[in-house]
Amino acid sequence: MTTISNLSVAIFLLSVVSVTQICWATLPAPAFPVPDDTLQWLVPHNIARQQTFTGEPPLVWNETVAEFARKYAQERSVDCKLVHSHVQGLGENLAMSTRDLSPTKAVEMWVGEKPDYDVVNNNCKKMCGHYTQVVWTGTRSVGCAKVRCQNGGTFIGCNYYPPGNVIGFRPF
């Protein structure tokens, strides 16, 4: 069973990479360099989105949003505290570790809140707002950043456009 699951995930990831490469090949070259590590952020986000009841469309990388995330992460590198930026017009998920933390592990932590989301009543049993932001139906793009903090820890921030977690609405 695990082999089939691993094979399915591998095939899906290859499909995502192939479709991404095809899509990128048909688009004009961006006016700015796209970071090589964007798939580390996009793949776990988009796997979670695909696994919703409605199969939400994949997020795309937003360099403008990523630039904001990089600037804010740099500010937080002094103390590594999980303090939200409260910027208008963007959603935000933050993660921190006392050691190194990979982009994939940070997204997996947020998506790990999925069991705490009550689909029937559209509320959280515990904390689930990070998960609902990842899968929010109206969100179309993401930009993320990772920094090593002065205390040796890691601070990660992802910002989402348009933002999710709108009160009174369902994530999907």
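Along the sequence shown, residues carry numbers from 1. If you're wondering where the values come from, they're calculated on a predicted model, not measured in any experiment.
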Answer yes if the side chains of Glu92 and Asn159 hold a donor-acceptor pair under 3.5 Å, and no otherwise. yes

Rounded to the nearest 0.5 angstrom, the OG1-CZ distance for Thr132 and Arg170 is 12.5 Å

Contacts satisfying disulfide bond (SG atoms under 2.5 Å apart) that involve residues 81-141 (not counting sequence neighbours) are Cys124-Cys128

By side chain to side chain donor-acceptor pair (under 3.5 Å), Thr154 pairs with (sequence neighbours left out) none

Separation between CG (Asn123) and CG (Asp116), nearest 0.5 Å, reads 11.0 Å

dist Asn46:CG -> Leu39:CG (nearest 0.5 Å) comes out at 9.5 Å

Is a side-chain N or O of Thr52 found less than 3.5 angstrom from the main chain of Glu56, in a donor-acceptor match?
yes

Interatomic distance, CD@Gln150 vs CZ@Arg76, rounded to 0.5 Å, equals 11.5 Å

Expected list for residues 102-110: side-chain donor-acceptor pairs under 3.5 angstrom, two or more places apart:
residue : atom : partner : partner atom : Å
Ser102  : OG   : Lys105  : N            : 3.0
Trp110  : NE1  : Leu94   : O            : 3.1

Exercise. Aromatic ring centroids of Tyr160 and His45 under 6.0 Å?
Worked result: yes

Using 30° and 60° as the class boundaries, would you call the ring planes of His130 and His84 parallel, tilted or perpendicular? parallel

Heavy-atom neighbours of Tyr117 OH exceed 12 at 6.0 Å:
yes

